[in-house]
Structure formats: structure tokens, C-alpha cells
Amino acid sequence: MEASLEVVNVPFAIALLAWIIIDILKRRGHENDSDNDDVKELPYRLPEPNIVDVISLPLLVLFCCRCCCRRLSHGELERPLLLRKENDDDSSFNNASIWSQLTFQWLNPLFEKGRIEKLELHHVPSVPESETADNASLLLEESIRKQKTKSTSLPKAITGTVWKSLAINAVFAGLNTIASYIGPFLISNFVNFLTQKDDSSSYQYGLVLAFIFFFSKTVESLTQRLWYFGAHRIGIRVRAALTVLIYKKSLSTKFVGPSNGKVINLINVDAERIGDFCWYIHGVWLLPIQVFLALVILYWNLGAAPSVAAVFATILVMVSNTPLANRQERLHSKIMDAKDSRIKVTSETLKSMRVLKLHSWEPTFLNKLLQLRETERNWLKKYLYTCSAVAFLFWASPTLVSVITFGVCILLETPLTSGTVLSALATFRILQEPIYNLPELISMIAQTKVSFDRIQEFVGEEDQRKFITSSGPKESGVAVEIEAGEYAWDSSSQSLKNPTIKITEKMKIMKGYKIAICGSVGSVIKVYGKKAYVPQRPWVQTGTIRENILFGKDMDDAFYESVLEACALNQDIEMWDNKDMSVVGERGMNLSGGQKQRIQLARAVYSDSDIYILDDPFSAVDAHTGTHLFKKCLKGLLSEKTVIYATHQLEFLDAADLVLVMKDGLVVQSGKYEELIADSDGELVRQMNAHRKSLDQMNPPQDDDSLIAKPCQISQIEVIEEKYGDPLCFGKLFERSQEEETETGRVKWSVYSTFVTAAYKGALVPVVLLCQVLFQGLQIGSNYWIAWATEENHKVSREQLIGIFVMLSGGSSIFILGRAVLLATIAIETAQRLFLGMITSVFRAPISFFDSTPSSRILNRSSTDQSTLDTDIPYRLAGLAFALIQLLSIIILMSHVAWQIFLLFIAILGISFWYQTYYITTARELARMVGSRKAPILHHFSESITGAGTIRCFNQEDRFIEKNLSLIDDYSRVAFHNSGTMEWLCVRINFLFNFVFFLVLIILVSLPRSTIDPSLAGLAATYGLNLNVLQAWVIWNLCNVENKMISVERVLQFTNIASEAPLVIEDHRPKPEWPTEGTIELENLQVQYKPTLPVVLKGITCTFPGEMKIGVVGRTGSGKSTLIQALFRVVEPSGGRIIIDGVDISTIGLQDLRSRLGIIPQDPTLFQGTIRTNLDPLQQHTDQEIWEVLHKCRLADIVRQDQRLLDAPVAEDGENWSVGQRQLVCLARVLLKKRRILVLDEATASIDTATDNVIQETIREETSKCTVITVAHRIPTVIDNDLVLVLDKGKIVEYDKPGNLLEDSCSSFSKLVAEFLRSSSKSNNNNVHHR
């Protein structure tokens, strides 16, 4: 069947079938009449074929419309047929004719494409110009600018941009409402006609009525489709405009703006809600019109008193619904608050999963998460049971209103006929919607207002731009001016230890100067020229290495190569399969700290700016690399530039033209290095002495000069630096695409069966369905009873009439209540089962899963998809089942009137099913795309907010805004076509069922009076009025269920993740006191991250004796980090084994292993909470023990600055603590655990020498009886160890006492020490004295 002609062809086939049926019925009617002397033969004035002419009339009208519209669109014959395929976009919305827009035919090419192959984003046409993010945001900004008032009103601004579309939409909504009331208004005439069908004129009158019914239903269907689609379009435009507005604001807002989570919520929840409000906005003025029209019909049929009674009953139902709706709203906001808390903790937990796994804290954090979910579930339970009460009221409201109205009629002895009764029943059914929608409308208005206020508040915040002025080059040679004053991150915040910089006098920095700052970098106020910034906490984007370095600039091969060489990246790039096109994971998770630091340094150098601000650029790299970067970057490529660099490594100070020494936020010394070093009481000399103290520990056996002069000494500096997380740096894993994996084809039946049987093994499902069947049966029974009993020839007493009606109606309401309560019970249990399955599976996943899966994907499932599971899918599935039962009951009722109607329905259902299967292949993929296209927007937002400082500094806002516009447009085009496809289907199915309803009415008109029961026929016609709504509801639910089941499918994807080894193996539990000595034996240890990847550790065999300090050093990719990961079983050995105190660690549970070891990881991680929860998450220690370790780590005084002491808050990611303080907290955390084996994984990278000495001293004092394994950049960290293990390319090169290794000047370790001493000796201006 050709998709473009389907609207016309299908009804012709049905018309033919109907013509045959009518002919049979007429013949049968004649036979019956000839047998029955009492009944007169109907005098047909029209010739017989005219019945088919009447049927064909609407089709001819359609043909005329189609032809006229085709003429308007230039006609298809003017274009060559062969060009049709190539120019598919001609059928897209932009070029669609009026007819095509009316029937959504512009979507046909997309359906054809979806039928042939799996739809991809590039198959989906772009959105119309009016819906593009760029256009929508410009209009909104223009509208905001037009508002002259000081305080901008966001609702007014949005209305100003979309008022024309809203007005057009309002016309469709109004026409739809009027058309929907024509049926109930005329049904009494139709029933009266059937009852009194005896004269010659009545036949034509019946046909005219049938045609009016058909016409009004067609208008109702088309206007509804256009109204809904128009609302969708406005929603897409509003969402896009708000998202861009929020994005631009988050880039320009001052540094300490709202948390990442809050901004994500603004676009994920608030902008979405304001977009959705476009659906509800017309409800405000439509509601009184709907109630008024219902009153008119009731007054027309029943008179004044029953109408007033009906209004009273309606108001009663609305009033009783309002407290429930208010409760619903309250509970909904409680659910949202609980969900926010859960998502916040989930997000933080996922970011810190490596640390949690290493400390074996993930079960504790999982329990914390489950407690938060339990709180959410309790609110959800109350909410869903309240929804049950609302649903009961919704379905019982027509019953209640009809009982009161008919009760009044009987009391006042108002004459009732089956026509007036059925008309009133149809009106009550239509009134059901506004009664139900009023509380939802009020709630939606309130929620939208809250969302507007939240976005308004955010958009109203001050911009960072006001505080930093960037000017063109200044003639005088000044590059930067810093005014006197105090600079704080956020003056309004009362958080702990808020760092403030105090500048006592104005400072000028000249062009080409190198300024060294010992301390944290200050706030730059006036900048002359382009600037580049390297933050202390590295920020890299998801994308390729090359994209990160170019950062929007054009490729200059020669300069690019020199930048890579200067930033020591060549060696790393050579190791990766895709070289510099290798993909960086989320937050650079598959790179080491040093690699991230060097990539962002390369980004700054490549930008070729005038002024460079480098915040501790050498912290994450070892001595060799630091010296290399200093020589090649600062003194090489940047030699002519102005560079302001903060550093803790004092060996890099002597090259500076000006040194600023900072202490407690004050510049305590400034001047040339030589001047400052001469001041023996100065702060710099104090820091230098601490530095020298650390160097004195190294004391090589020979003179420094002779060591350097040895012939075997390396002539060129070799970069040595540890890679963090080796797994993804090798080849294939690195190229893992960031595109989300999605299922294809139909949602599998196993997904449905898992969902349906998740709660109580599906035992309650048949009970719920039985309740629906009984409700439907009793409702039809009660309606038939009152229509039948009011006929004149049935002498039924008034008491009997109303008594039986109340009994049947009451019975149906009881079953509806049972259905609603049971459904809520099933929904709660199902959602919880699936949530537990997913979250448990995620927490048991290996680290590699988190390295390769962006946290946004997991968060999406645990927020958006889980919400759909909680409150949506169970009701959609049930709604589909209930609508099917209703549809079947109407078909049975109509077929009971005339069995031939059944044949029509079989034909119609067959065609509907064909349409649905044709539609679903495309719609399913579009629905999947809607889900997967939202994540990149959130990811880009999150990434941009984290790197906002860097983006602003490089003046790259425009490029990032462009990227954001492109991502929003990608999402909009999928959402736009997704909503269009739904309307495409509804237009066609609605027309089919409207047409069948038309044929049914003609059959009823053409049947002789004697062959039908007028009450039953009238009842069938009354229910038939709802046929198109019901059938659309069935089809819509059928398709929506599948689209929504994708959420279940996505959640189930994460319930089957391959998990790590068991946490506890009961048969192989170590003794409680294990390990007692801390001896570690490595036996032929071999490790590879995947069978397809190279072996990283190649048969390592050695023993770390108990209570010894072992230093592990080696070049990039030597396997140091892998060794630590193997010790903690983050990666399992592919060969060999590790034995700790006689226990093979592969035989015991992970919790038993990891909880007995201590580690200070490379990145110091703090959690949002208090100091106490950060030091002791498992709550195993007393306050006294906590204070003891705080004293040992020199943190006690800092903690006492806040009167809340141990309960002082710690911000997200520990942002209110400096990096050095965070490192000390991590040290305190480990000392509190008192473990026999302690691992320091490059833990002293980002701190000054004095803090480093504190840490080393504390570790020496507190771990005298422990085995300590140290992987460090700084040579002093390992020089006083008992043993040093030197690795290279996964093999042991040297393993001996450091003294012994230093005696051999050609040893790898000696070369390392020599380089460190060489770089340090320059800054000390004197040789290191030897023991």
C-alpha cells in the first residue's frame, strides 16, 4: 500500500464492504417486512445507490481538498518522477503543502527510510527555522531586551516570542472543544429518530444526522492533532531558547556560581517543565467553556433543575478532587527533593568510585544510597496511593454526576426518554476531562511558576565579565595591572576556610616578564592582550587529544609538533594506537594526572596568547618532566611572552623576573629572586630551608659534579612520569566511542515479561484485569438499564429505576477503586525491584566499567529512566490493557445491535494494525534517539561549567555556544519528528474509526425499526462517539508503551554488568588480624587489561619484606600504577600470583582484601558532608581518635577555625579546601584505619615542599611498623626508603637499597636522582652537602 495515497484508498475499500453489508441488510429488511403484516414497508424516496453516494460524499470532499491543496503546492506532475527519490527533503515540513501539513504526509519519506534501514540522526530532516535553537534564543534575548523595566519578567519575554503560535494553537483548541460537544448535543435527536422511524422523510433526516456526526468527529480529530503538534512545536522552541539562555549564563557567571547539579536540573527539569506547560496553557480558558457547553446541552435535554444539580455535582467532584490534587503536588515535590538528594549522592559516588573501591567503602555508600531511595520510595508510595484515589474519582465522576442528576429528574418527575438520558450520559463522559484536569492544571501552573522563578534567579546573577576587563595591547609595555584590594571566590559564602587574597598596593606586570608566585594564583583584573590559563585542577574535554590541544584554532603542523615536543607529549602519543586522534574519556578519566596537565599546558602554548597564567603547572609531573617543561615551554616557546606562574617547586624560581611570596593570602615578599634569597629572615628563605632539608636526605655517595661528569650519564633528559589508569592508555580501549550503545529493533518480549512479573511474580495482574472487565460490564449495564427503563412501553417504577441504576453504578465504582489500589501496589514493587537490580549491579561493576562509561549515562538511567519506571510505565501498560478491554466491549455492544458491524471492525482493526506496525519501526528508533540525544547536551553543559574559567580565559565562549546550539538542534529535530510521527498515526487511525462510526450510523439508519432495539442502538451510538478517542488512546498507548519500555530496556542493560570478584568468600576468609607482618610476595606476576591488549607486567617476581618502606619508580608506561592496581585487584592477574603473609589474595573476597590495606590515591578525593564523615565514613572511630590523627596531620588548627568543629561542612569535591589540605585529610583518613600495609600512589604531587615534609615526617612516625609502598614523582619521597624498585616496560630493572643503587652512577635510579639534583641545585645556588 503506497503511503502517500493511503488516506483515500483505505476508506474506499471499507465503503465497498459497507455497501455490500447495507445491501444485505436492506434485503433482509424487505424479507422481514413482507413476513410481518403489521409493519409498513418503508417508502425509500431516494434510489438505492444513493446510500453509497452518501457514504462516498466525505471521500469526494477529501478528494477535492487533496486536489486543491496539490494545486497550491505546484502539482506533482510538474516534476520528473525520477527526481523524486533524490530530493527527499521536499517532503519535509519546510516545503509541505497545506494538505501535507494537515495529514502529516510530509513524514512519509522518513517512514519509508525507517522501514528500509535503521534510522540514524543524519536521516532525520532538520527542524524548521523557527524551532532552531539559534533563532529561538535570539528572539527570547530580543524580547528580554525590549522590556525596559529593571527586573525582567521571563514569562512575559517568552510569551512575547511565541504569542502568534499560541494564538493559532488557541484557534485549533477552541474548534476542537466545540466539535467535541456536537455529538452529545445531537445524540438525543438520533435516538429519537431510531425510536420513531416510521415516515418517509425520516430516512433522509437520519442520513443528514449521520453525516453531521461524521463531519464533527473529523473536525474534532484534525484540530486535536494540529493543536497537540502545535503545542509540541512551541514547547521545543521554548525549551531550546531557555537552554541556550541558561548555558550562556553559566559560561559568563562569576566563578563560584551554583553547583553543577543545580544547573543541570535547570535544563533537565525546569526548562522541560516550562516547555511542557505549552500543552496545558489553553486549559485555563477552555475549562469554563467546556463546563458552559455541557450545561447548555443538559438544559436543552433535561431542563433547569437537573442542570443545576449536574453543575452542583460537578463542582462537588472538583472540590473533593482539589485537596487530593494539592496532596499530590506536595508529595510530588517531596519525591523530587528526595530524588535530588539521591541523584546528588549517586553523582558524587560515581565520580569517586575508584577511591571507594580501593578503600572498600562501596557497600557503605550503596547502603547510604538505598536509604535515600527508601525515603523516596515512601513518598512515592503515598503519592501513588493518592493517585489511586484521584483515578477512582475520575472514573466514578460520570457515575456520581449521573446518579445525582437522574435522581433530581425522578424526584421532580421530569420526563425522561432514552434519547435525553443517553445525551446526558455522553455529556457527563465529556465533563470527566475538565473535572480531572482542573487540579492537574492548577498544579502545573504552580510548578511552572516555581521553574520560572528558579531560572529567573539564575539568569539574574552577576556576570564574571564585569570584574575582568580585557583590553588591547597597551603602549607602555604593561601586560597586567592588579589593583589593591581583597579578592575572594565568593564573599557571601560562610563556608570553611574561604581563601582570600589581599593585595596591599597596585601592581603592574610588564610584557615579557616571568612572574613566579609561591602560593595560589591571585585574581587578575586588567589584562592587555590575549590570555591563556592553565588551572591547577586539569580540565580536559571529551574528544580527541588533538581537539583538546587545538581548542578551536586552525592546525599549524610545524607549530603543533613543536608544542607536542615542548610539552613532552610525543612519547605518550606514540604509545596510543590512534596517536593524537585517541579519544579522551569523561573528565580525562583515562589519562594520568601528568598527562592531563601536559595536554592543558599544550593547549595554552598552542593558543599563542600574550599573557599566560599557569597555576602550579609542574605539580603533577616528576622532576625530569618538570625540568623539561620549564626549559622547553617557559624558557623556550614562551620566552617572549608574559608568564605568571604559581609553583610549589622552588627550583623554578630563579628564572623569574619577579617573585611574589604569599602566605595566608597576603603577598609577604616581592622582588627579584636574588634579592629575596639574600633576606635571611624572609618567607622565601624559610621555604628554601624546608626544601633543602628534603634534598639533604638524598646525599649521593659522590660529588655532584663528578656524578654529572660520568660518561654513562644520559645526555638528554628522558621524561619519566607515571600514567594513572594504564588500562585505557593502551590502544583499542582508548578509541572507545562516546556514542551510547542502544538496542535496535523491537523491544524484546523478555523485557515485557521481566517487567510484568517483577512484582509478586505477576500474581496481581489477572486480578487487576478482572476488575477492569467487571467495571466495564457493570458500567455498560447501568447505562443500558436507564436508557431501556425510561422508554414508555417499559413500565418501571421510579424507585426501581434509580435503585438498580445506583446499584450497578456503585458496583462498577468499587471495582475501579480495587483496580487503582492494586495497580499502585504493583507499580511500587516493580520499580523498587528493578532499581535494586540496577544499582547493585553498577556498584559491583569493575573499575574498567566506570572508566569507559560516562557517569551521565548511569545518572540518566537512575534519574530519568527510573522516574519513568516509578510513575509512568505501569500506568501506560495498564492503560493499554484497560483501553483494549473498553474497545472490545464497545465492538461487542455494536455487533450485538447488528452482527454485520463486526465484519467492519475486523477490517478496520486489521488496517490499524498494519498502520501501527508500519509506524512503530520508525517511531521506536526516534524514541531511542530522543533518549540518547539528551545526554550529550547534559554532558556538554557539565563539562563547560567545570571548565568555564578556562573557556572564558581563552575567549572561546562563542565556539562552545555554537556547539551547544548544534547539540540542542540535534535533540530538537528528533523530538520534533518524534511528536510528528505520533500525530501522523493518530490522523489516519482517527479517520478510519470516524469513518466506521459513520458507516455504523448509516447501518442503524437503514435497518428497519422492527429489527433493532432503539435503546441498545442509541447506547451503541453514544459509546461510538467515544470510539475515535478510545481507538486513538489504544494506538497511542500501544506505541507509547513500546517507546517507554525502552526505559525498562535501558535499566535492564545495567542489571547484567559483569561484576568483580565476590566481596566475601565465606570458605576463604582471612583471620581478623591478617595481615600481621605485611610481607608481600610477587610470583611471576603478569597483568594485561584485556586479552586483546599488550601485557603490561611481564612476569615480575620479588618480595616486599614486612615493616619496610619500598619506593617504586619508572618511566611512563613502566607499569608502576598497574602494580598497585594488581595489589588491590582492580585488575586481575593474567598469570602468577600475589601472596600477602602467606595468603594468596586471589582466593579471598575483595572486601576482605581491600579493607585490610591502606592507600592515599593520586587525586585527593573528599565527599560532600562533614569533616567527620570524610575521615570516618564507616563510623568506626571515636572523636578522640579523629582529633589525634588531625593533630598528627597538622589539620587540628584549621578544623578549629570553624566553631562546628568535626561537623563543619565539606563542599562538593572538597572545593572549600586547598589541594594540599585535601591531601592531608586523605592521609588522616588512612592513619585512622591503622593498616599494616600502606600504599602512596603519587600522593605528594600537588603540594609545596613544607607540606610534603609534614606528610613524609608523619608517615615515617606513624608507620614504623607498617609496610609502605610509595609511587612518587619527588625523589626525596623515596630516597630514604629501605628499598627502591625500578620498573621499565613491565619488567624489574633494579631492586635494591637506594644507597647501593646510588653507588652505581650508571644505574637508572642514579640518573633520576642526578637530574633532580641538577635542577634543584640551580635554585639553591650552592651544592648539596653530602654525609
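Along the sequence shown, residues carry numbers from 1. This one's a predicted model, so the numbers in the text were calculated from it and none came from an experiment. These numbers come from the heavy atoms of this one structure, side chains and all, not from hydrogens, waters or symmetry mates.
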Under 4.0 Å between a side-chain nitrogen and a carboxylate oxygen: does that hold for [X] and [Y]?
X    : Y    : answer
E348 : K344 : no
E376 : K334 : no
E374 : R377 : yes

Considering all heavy atoms of both residues, which atom of [X] and which atom of [Y] are nearest to each other, and what is their separation?
X     : Y     : value
L965  : A133  : CD2-CB, 3.7 Å
S143  : A157  : OG-O, 2.8 Å
R819  : C771  : CB-CB, 3.9 Å
D1207 : T1170 : O-CG2, 3.6 Å
Q328  : V390  : OE1-CG2, 3.7 Å
T825  : V821  : OG1-O, 2.8 Å

Can you find a pair of side-chain heavy atoms, one from [X] and one from [Y], that are under 4.5 Å apart?
X    : Y     : result
V768 : I826  : yes
F775 : I814  : no
S250 : F941  : yes
S862 : I343  : yes
R327 : K382  : yes
F452 : I158  : yes
T349 : K368  : no
D865 : V1048 : no

Listed partners of [X] passing ring pair (Phe, Tyr, Trp, His ring centres under 6.0 Å), at least two apart:
X     : answer
F976  : F93, W106, F229
F835  : none
F1054 : F849
F843  : none

Working for side chain to side chain contact (heavy atoms under 4.5 Å, CB included), residues I274 and I455: CA-CA 10 Å; I274 292 169; I455 294 176; 3.8 Å; yes
Between [X] and [Y] (side chain of the first, backbone of the second, donor and acceptor by atom type, cut-off under 3.5 Å), is there such a pair?
X    : Y    : answer
S972 : I968 : yes
N978 : V974 : no
R833 : A758 : yes
T840 : G837 : no

Approximate separation, where rounding is to 0.5 Å, of [X] [atom1] and [Y] [atom2]:
X     : Y    : atom1 : atom2 : result
R1050 : T868 : CZ    : OG1   : 9.0 Å
L823  : L877 : CG    : CG    : 9.5 Å
L331  : N326 : CG    : CG    : 11.0 Å
L350  : F365 : CG    : CZ    : 12.0 Å
T346  : L372 : OG1   : CG    : 8.0 Å
R373  : I839 : CZ    : CD1   : 10.0 Å

Trace of the salt bridge (Lys or Arg N to Asp or Glu O under 4.0 Å) decision for K381 with D870: CA-CA 10 Å; K381 200 181 282 185; D870 286 345; over 6 Å; no
All pairs passing ring-ring contact (aromatic ring centres under 6.0 Å, His included) where residues 367-393 contributes a residue, at least two apart: H332-Y383
Evaluation steps, side chain to side chain contact (heavy atoms under 4.5 Å, CB included), between R861 and Q866: CA-CA 6 Å; R861 282 164 172 81; Q866 189 59 45; over 6 Å; no
V1041 and I873: CA distance, side-chain angles, deciding distance, side chain to side chain contact (heavy atoms under 4.5 Å, CB included) verdict: CA-CA 7 Å; V1041 158; I873 299 177; over 6 Å; no
Step-by-step side chain to side chain contact (heavy atoms under 4.5 Å, CB included) determination, Y247 to H940: CA-CA 10 Å; Y247 183 77; H940 182 67; 3.0 Å; yes
Aromatic ring pairing W285/H282, orientation class (parallel under 30°, perpendicular over 60°, tilted between):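 Rings of W285 and H282: perpendicular, as their planes differ by over 60°.
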Is a side-chain donor-acceptor pair under 3.5 Å present for [Y] with [X]?
X    : Y    : answer
R237 : S165 : yes
K339 : S863 : no
Q371 : N367 : no
T448 : R273 : no
T864 : S867 : no

Test salt bridge (Lys or Arg N to Asp or Glu O under 4.0 Å) applied to K934 - qualifying residues, sequence neighbours left out: E272
